[in-house]
Amino acid sequence: MAATVNVNGRVSDQEHASISIFDHGFLFGEGIYETLRTYNGQPFLFERHMRRLRTSASMIALSIPLTDPQIDARFRETVTAAGLPTKDREAYIRILVTRGIGELTYDPAATPVPSIVVIVKPHVEPPADVFERGVKVALVPIVRNHPGTVNPLIKSNSLLNNALAMQEAIRRGGFEGIMRNYKGELAECTQSNLFIVKNGAALTPPVDAGLLPGITREYLFEVGAGAGISVREQVLHDADLFGADEAFLTSTTREVVPIVQVDNRTIGSGTPGPVTLALLEGFRRKAESLTSLKPTAS
Ligand code: PDD
């Protein structure tokens, strides 16, 4: 679906958006990003995404030359140029900050000016039966990055590891791929976080298992507190997943998606469970009320 792109402040349609091949984002994958979406036309949990963007930037020693209000203005300008949101279409927004353009060297002194790109497209909801019937995922052999390599805390543009894991999931007919960490514990999915439900509680691997601290994951602790559902961190292994009553994944673009099958094994009853559905409903209700009240939701 056609995108509208803002490259360093210049807005164009996707055909006319371009960036130098000497940008270190292209040459070395040196960059970070965030994916947001709107509800009621407002970027949802904007401040939290900006906080994570700045954490990612500081972990690769990259300074972002814009303040949050300046980034917000750039978003809004691009969203407006894209003709979004409409009555029945929310916006998908991806912001990328790369090291910038410079010589073929790893020395950051060669790239004094970061590149900032905003991509805006109509947000595409997963099909209704993803939520109503749940999905099959694959437990893939590709290991989530060791925190001593490209730390999973960094929302990095270097996504080759995740892309390879997702390729394997696609080969196996999975909607997503679950990855373990280097210790063999469950970590997260290639583009989303993982939860299981056991005895009424929703459990997710701790951040120090080596995973991206998802904004949706974090928000779900608050949704759970409001709905009287215990949502907490716990180290998880394969046996916990296969013995779970329910499982689900979370992300900005997918909200809360029930997992009913992992490879050839059924999870729980094989249909979306009551805890998953209560958290999905609670999440949507909270997102709706937050964005219909405030101009920018935190
Ligand atoms: N993906 N884990 C990984 C590896 C991710 O890439 C993502 C997000 C998440 C969920 O994070 P959040 O709830 O903040 O969206 C977890 C986004 C949607 C993307 O890659 O576009």
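Counting convention: from 1, in listed order, for ligands and their atoms alike. Values in this document were obtained by computation on a predicted structure and should not be read as measured data.
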Minimal non-hydrogen separation, [X] against [Y], with atom names:
X	Y	answer
S192	S251	CB-CB, 3.8 Å
P114	V97	CB-CG1, 4.0 Å
V130	P258	O-CD, 3.7 Å
T35	H49	O-CE1, 3.1 Å
M166	F175	CE-O, 3.3 Å

Exercise. Mind telling me whether F283 and F44 have parallel, tilted or perpendicular rings, with 30° and 60° as the class edges?
Key: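 Because their plane-to-plane angle is over 60°, the rings of F44 and F283 count as perpendicular.
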Applying a 4.0 Å heavy-atom criterion (strictly less than), which segment of [X] is in contact with ligand 1: side chain, backbone, both, or neither?
X	answer
L211	neither
T216	both
M166	neither

Quick test: of every protein heavy atom, which one is nearest to [atom], and how far off is it to 0.1 Å?
atom	result
atom 19 (C) of ligand 1	T35 OG1, 3.4 Å
atom 10 (C) of ligand 1	N193 OD1, 3.6 Å
atom 5 (C) of ligand 1	Q191 C, 3.5 Å
atom 4 (C) of ligand 1	T190 O, 3.3 Å

Practice problem: Check whether L53 and I60 end up in the same hydrophobic cluster, where Ile, Leu, Val, Met, Phe, Trp and Tyr are linked by side-chain heavy atoms less than 4.5 Å apart. | Solution: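 Result: yes, single cluster for both.
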Quiz item: If two hydrophobic side chains count as joined below 4.5 Å and joins carry through other members, does L96 share a cluster with V79?
Solution: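 Unlinked, L96 and V79 end up in two clusters.
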Using a strict 4.0 Å cut-off to heavy atoms of [X], name the atoms of ligand 1 that fall inside it.
X	answer
R52	11 (O), 14 (O)
E188	2 (N), 3 (C), 4 (C), 16 (C)
R144	4 (C)
R94	21 (O)
N162	4 (C)
G214	11 (O), 12 (P), 13 (O), 14 (O)
K155	1 (N), 5 (C), 6 (O), 7 (C), 8 (C), 17 (C), 19 (C), 20 (O)
T252	12 (P), 13 (O), 14 (O), 15 (O)

Quiz item: Any salt bridge between E222 and R48, counting N to O under 4.0 Å?
Solution: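 Result for this pair is yes, salt bridge flagged.
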Quiz prompt | SB check D263 K136 (cutoff 4.0 Å) | solution =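 No, D263 and K136 are not salt-bridged.
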Quiz item: Heavy atom of E255 under 4.0 Å from ligand 1?
Solution: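 No heavy atom of E255 comes that close to ligand 1.
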Quiz item: Taking the non-hydrogen atoms of Y33, is any one of them nearer than 4.0 angstrom to ligand 1?
Solution: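 Contact present.
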Quiz item: Given the rule in the side chain to side chain donor-acceptor pair (under 3.5 Å) test, do N162 and T190 qualify, once you have shown the distances and angles that lead to the verdict?
Solution: CA-CA 5 Å; N162 301 53; T190 71; 5.8 Å; no
Quiz prompt | Proximity winner for atom 14 (O) of ligand 1, if only heavy atoms of I215, N161, L45 are counted | solution =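 It is I215 that holds the nearest heavy atom.
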Practice problem: May I ask you to check whether R217 has an N/O atom sitting below 3.5 Å from an N/O atom of ligand 1? | Solution: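 R217 vs ligand 1: no N/O contact under 3.5 Å.
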Quiz item: Out of curiosity, F248 CZ to N193 CG, how far, rounded to the nearest 0.5 Å?
Solution: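 F248 atom CZ to N193 atom CG measures 10.0 Å (nearest 0.5 Å).
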